[in-house]
Amino acid sequence: MDTNRLTRISKNEWRIEPHGKMNVPGIIYATAELIEAMDDKVFDQVRNVAQLPGIVQASYAMPDAHWGYGFCIGGVAAFDPDKGGVVSAGGVGFDIACGVRTLHTNLTAEDIASVRKELAEALFRHIPAGVGSTGKVKLSMHSIDDVLTGGAKWAVEHGYGLTDDLRFIEENGCMPDADQSKVSDHAKKRQLEQVGTLGSGNHYLEVQVVDKIYDPKTAKAFGIHEGDVKISIHCGSRGLGHQIGTDYLKSMATAANSMGIDLPERELACARLDSPIGLDYLGAMAAGVNCAMANRQVITHLVRQAVEKVLPKANIRLLYDVSHNTCKREKHTIQDGKKSLYVHRKGATRAFGPGDPSLPREYKDLGQPVLIGGTMGTASHILVGTEKSRELSFGSACHGAGRTMSRRSATKRWQGKSVVNQLAGEGVLIRSKSLRGVAEEAPGAYKDVDAVVESAQNAGLANRVARLVPVICVKG
DNA sequence: ATGTTC
C-alpha cells in the first residue's frame, strides 16, 4: 500500500481521510514498513467498511491486516444500533470465534528435552487434525443444542476439563445470548462429530518455550517465566461456524437489498442490528462462539490426557482463552457519550485494559492477556491490554503475524517436506497430515510477528509481556 | 477458514 494515500498521525498511526461515501475515517495502526507490505486491498476494505451505516468513530486495521472477505482480516469496526448500525457476517469471518487458548504447564524446557518426539507423537495421535477431521465426541441433533448454548461450560459439565478452567475464558466460557434455534440443521449436522478437532489451515496445537520476558511484573502475575513450557491451541468453530457464515451471508445480501442499504460491495452483506435477520445472526453467531469455546475446551482435555501419558506428573492449567473473530455488544465511550455498541473484530483480539470487570481476579489489576499466534517457525507473543486501547480501537489489538502471500503462492514457493526438515533443524518438530498445508503455512508466507507486535505496542494497543518459541507443532 | 468450487 502506498503511504502517500494516508495521513500520518504518528509513527504507528495512519488515517484515511473521509471521502466519497465514507461516514467515518479509516485508521491503520502500523509502521511505514508494515503498511508498505500491505495489499492495496486493505485500503479499499477499510474504506468500504467506513461506508456502512451506523459505523462510529473509525474503521480500523491492525498491524497484521491483510485482505479478507469483505472486511480485511485485522479489521475492527463498531456500530451503533441507535444510528441504523448493522451487523455483517463477513465482518466476523467464516470461522466464528476462531481464537487462541494458552495453557500453563508445570514443566520447563529441560523437562521435555528428552521426550520431545514421544510428546509430539502423543499429541499428534490424540488430537484429531486436518480437513474434515472427526473426533471422539459424538453428538445428536438434540444434544448439539446443549453445546451451542453451554459453550466450554457444557464441555466441563461433560467431563472435559475443570470448573476452574472456565474463569480464564472470555465470557467465562459461555455466551449467554446464544440462540441455537437460529442455526440451520445443516450447520449443526456438519458439527456432530467435529467437537474436539483442530481443523486445518492456520490452526495448530503448539508446545512452546518462553524465550523472552518483556514485562517481568506482569509476566510473573500471569504465571510466565523464562524457560517455561506453555501449550497453545489455535482453532475455531469448524464446519458449524463456516456454515452459519455461509447461510447468513446469503440472507444478509438479500436483506440489505430490500432494506435499501447501499453496499459498497456484495461481500459486505449486512443487516440492521434491529432487523430480524440481524438479530437472528447475532444469536446464531453467539452459538458459534460457544461451539468454538467448547471445541478448545475438549481439545484441552485431550492435551491433558496426551501429555500425562508421556509426563505423568504434568499439571496443566489455563492462562487464557480469547477469540479473534467475533461481533460483541460492549459499552464504549465515544463522542456521544457512553454507548452500547456492536464491535466487530475480524482477525483482531480483544485487548481490554486493567480494571475491566470481565477479567478474572488474578488479572484484574493488570489487564487482559492478549494471545498472539505466530507461525510454525517463528514466535508467539503474550501481550496485556491497555486502558488506552479503548479509545484507540474499542479495546482491540492484532491477532497474529498476518499473511503476506496467498496460500497458492506459498505452495509454489515451498515444498512441505523441506519446510518440515528445515524446521526440524531449527528445533521445531512439525506433525501434520498435510504436507501441502505445511507449505501453505511456511513461515516465509507471513509478516514478521515480532515487528507486528512491536508496532501494536508502539501504537498503544497492548503491551508486550513475553515471547514464546515453538518446539512442537501439530498442524491440521 | 471450509465436506479446500453448492
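Computed over heavy atoms, backbone and side chain alike; hydrogens, waters and symmetry mates excluded. Just so we're clear, the structure is a prediction, and the values are computed from it rather than from any experiment. Proteins get letters first, then strands, A, B, ... in listed order; numbering begins at 1 in each.
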Undergrad: Rounded to the nearest Å, what distance is computed from the CZ atom of residue Arg436(A) to the C1' atom of nucleotide dT4(B)?
TA: 8 Å
Undergrad: At under 4.0 Å between heavy atoms, what does Gly236(A) touch on the DNA or RNA strands: base, sugar-phosphate, or nothing?
TA: nothing
Undergrad: How many whole angstroms separate atom CD of Gln194(A) from atom C1' of dT4(B)?
TA: 13 Å
Undergrad: Tell me the interatomic distance from Lys433(A), atom NZ, to dT4(B), atom C1', rounded to whole angstroms.
TA: 16 Å
Undergrad: Measure from OH on Tyr69(A) to P on dT4(B) and round the result to the nearest Å.
TA: 17 Å
Undergrad: So which pairs with a foot in residues 267-294 of chain A pass salt bridge (Lys or Arg N to Asp or Glu O under 4.0 Å), sequence neighbours left out?
TA: Lys182(A)-Asp280(A), Arg272(A)-Asp274(A)
Undergrad: What's Arg238(A) touching, base or sugar-phosphate or nothing? Going by heavy atoms closer than 4.0 Å.
TA: sugar-phosphate
Undergrad: Name the nucleic acid region contacted by His186(A), choosing base, sugar-phosphate or nothing; use a 4.0 angstrom heavy-atom cut-off, strictly under.
TA: base
Undergrad: Below 4.0 angstrom, N of the basic side chain to O of the carboxylate: do Glu193(A) and Lys136(A) qualify?
TA: no
Undergrad: On DNA chain B, does the nearest nucleotide to Arg407(A) precede the nearest nucleotide to Lys250(A) from the 5' side, or the other way round? Give the residue.
TA: Arg407(A)
Undergrad: Just N and O in the side chain of Thr246(A): are any of them under 4.0 Å from OP1 or OP2 of dT2(B)?
TA: no
Undergrad: Could you state the CD-P distance from Glu441(A) to dT2(B), rounded to the nearest angstrom?
TA: 11 Å
Undergrad: Measure from NZ on Lys189(A) to C1' on dT2(B) and round the result to the nearest Å.
TA: 18 Å
Undergrad: Does a salt bridge link Arg304(A) with Asp165(A), judged by any charged N lying under 4.0 Å from a carboxylate O?
TA: yes
Undergrad: Rounded to whole angstrom units, what separation is found between the CD1 atom of Ile73(A) and the P atom of dT2(B)?
TA: 13 Å
Undergrad: Closer than 4.0 angstrom, basic N to acidic O: yes or no for Arg350(A) and Glu330(A)?
TA: no
Undergrad: Starting from C1' on dT4(B), measure out to NE2 on His203(A) and report it in whole angstrom.
TA: 13 Å
